[in-house]
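Structure first, commentary second.
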Number of protein chains: 2
Amino acid sequence: MAADTRSSPAPARLSLAEQAADVIVTGIYSGALKPGARLFEKELAQQLVMSRVPLREALKILEAQGIVESIPHKGSRITLFGEERTGHIVEARIALERIAVTAAAPRYKANPALASGLDHLIARMESAAAQLDWITISKADLDFHREICRVSGNEIIGKLWESLARHVFITFGLEKRKAEDAAALGEQHRRIRDLLIAGDDVALQTQIEIHITRIRRRPPKA
Amino acid sequence: MAADTRSSPAPARLSLAEQAADVIVTGIYSGALKPGARLFEKELAQQLVMSRVPLREALKILEAQGIVESIPHKGSRITLFGEERTGHIVEARIALERIAVTAAAPRYKANPALASGLDHLIARMESAAAQLDWITISKADLDFHREICRVSGNEIIGKLWESLARHVFITFGLEKRKAEDAAALGEQHRRIRDLLIAGDDVALQTQIEIHITRIRRRPPKA
DNA sequence: AATGTGCTAATTGTATACAAATAGCATGAA
DNA sequence: TTCATGCTATTTGTATACAATTAGCACATT
């Protein structure tokens, strides 16, 4: 059999608990699960077609990441995402991504071929933007930044990013979406890509901050 | 009955899984569990006097935080803490704590009474230092920085800190300990405390970086 | 000898069953 | 009416039992 036809089973690289965590987060993104809502284990488990054991593992993961808040013997609820929290997420994101690009830039400069990973994600982002497929846009956007973290080689930043990315993803779901925003994404990310290859750290720092902050206060003229 | 005599049971603010996670991390700190070692669920569970269910929840938490690495159907092992990783932890810590102090400083300046929380922790740190009680020193040290995160009001930073703090704690356990280091801790932290109340952000930024970096390259003269 | 194959033991993954704690409501007394 | 008390139903927490996957070893084949 051919080596990479990848037929049926697919070795399952993610545990059931992690898959459940993803489904829950996507549910929050899509609005099916609302911030502040209580999560009943039995109910959620049968919705996800699994028993309570792996579901509880998923809840523990999400609790460690701050997506869910639990009180022993009282249950879990989805963390509230207010104005203030959204601001905190942006702040943390800027801090994290600044280190990531600073560490990654020399590697991209030394080996520009690494940028192909970013190019693929930009392409995916743009094709999704053409159809206003927001969830694919959001995921590709976060994957772009995850890729930078990966290339940076700093695994700690990578782990922290995994937590933060879920928060960012959820805020993406909460935003009002405008077609013009989608159209601008490709250019935004391409600029970051180019600065990474150029290795211009100073420009990167400001560009990252603009890019992350952009979403909230957009220019008046559009 | 008197309101705060807090007799026997104590409402259990932490789930068994979270307690288990703490015990495991402390085990790594103390050297009982070694980085790279595989963790067998059955064995660990009976050592901690619990069943595999809450233990697995603990492992999921630790995996989300990067303390443990798991592969489905193959098991979990403690993440390796090499030179490189230690450096990454320091980098991430500087980035996180910089935002924390920047956000917290105005609050300390506006309300200096908040600093009493820090003072208590410094006191605990110094009394532990007098006896070279390293684990208490380490915990108080991290509690000091956790307190700053708390006062900053940024809950995202708080969550990320919880992950990072466990890494830092473990590196504390791996360090060679010298009495002179213990003696210097009080002064180090008191300086940060003072700058927070003064609200001097620029000085704080450099002081935090020095403080965090200190541990690794110490001055030649002592 | 080297390699491949099948069996067995060990380990992880999941479901079910049961214990403990909580919350809501009804009941009753002040 | 208001507050306290106790019962019941719901929900979470944990243990045990079983299924599925993996790893190691013996054995056979080339």
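Values below: all heavy atoms of this structure, side chains included; hydrogens, waters and symmetry mates excluded. Fair warning: this is a prediction, and the values are worked out from it, not measured in the lab. By convention in this document, chain letters (A, B, ...) are assigned in the order of the sequence lines, proteins followed by strands, and residues within each chain are numbered from 1.
At whole-Å resolution of the value, NE2 in A:H73 and C1' in D:dT12 are 7 Å apart. D:dT14 atom P lies 10 Å from atom CD of B:E18, rounded to whole Å. Between B:L14 atom CG and D:dT12 atom P the separation is 18 Å, expressed in whole Å. As rounded to whole Å, 15 Å separates atom C1' of D:dG13 from atom NZ of A:K42. If you take CD of A:E41 and P of C:dT22, they are 15 Å apart, rounded to a whole angstrom. Atom CZ in A:R77 sits about 11 Å away from atom P in C:dA23, given to the nearest Å. The interatomic distance linking B:E63 (CD) with C:dG13 (C1') rounds to 14 Å, in whole Å. Nucleotide D:dT11 holds its P atom 13 Å from the CG atom of A:L44, rounded to whole Å.
Residue B:M50 has its side chain nearest to D:dA15 when only D:dA15, C:dT12, D:dG13 are considered.
B:D22 and B:R166 are joined by a salt bridge, as a carboxylate oxygen and a charged side-chain nitrogen come within less than 4.0 angstrom of each other. For A:E126 and A:R190, the salt-bridge test passes: some basic side-chain N is under 4.0 Å from an acidic carboxylate O. Between A:K178 and A:D181 there is no salt bridge, since no side-chain nitrogen of the basic residue lies less than 4.0 Å from a carboxylate oxygen of the acidic one.
For D:dT21, the OP1/OP2 oxygens have no side-chain nitrogen or oxygen of B:K74 closer than 4.0 Å. Between D:dA15 and B:S51, a contact under 4.0 Å exists linking OP1 or OP2 to a side-chain N or O.
In the region residues 52-61 of chain B, proximity to DNA chain D at under 4.0 angstrom, judged on heavy atoms, holds for B:V53, B:P54.
Under the rule for a salt bridge (Lys or Arg N to Asp or Glu O under 4.0 Å), the partners of A:R98 that lie at least two apart in sequence or sit in another chain are A:E209.
Residues B:H145 and B:H189 place their aromatic rings such that the two centres sit under 6.0 Å apart.
Listed for the B:R77 side chain is a donor-acceptor partner under 3.5 Å among the backbone atoms of B:G36. Checking side-chain atoms of B:E57 against main-chain N and O of A:R56 turns up no donor-acceptor pair under 3.5 Å.
The 5' end of DNA chain C is approached more closely, in terms of each residue's nearest nucleotide, by A:L16 than by the other of A:L16 and A:R38.
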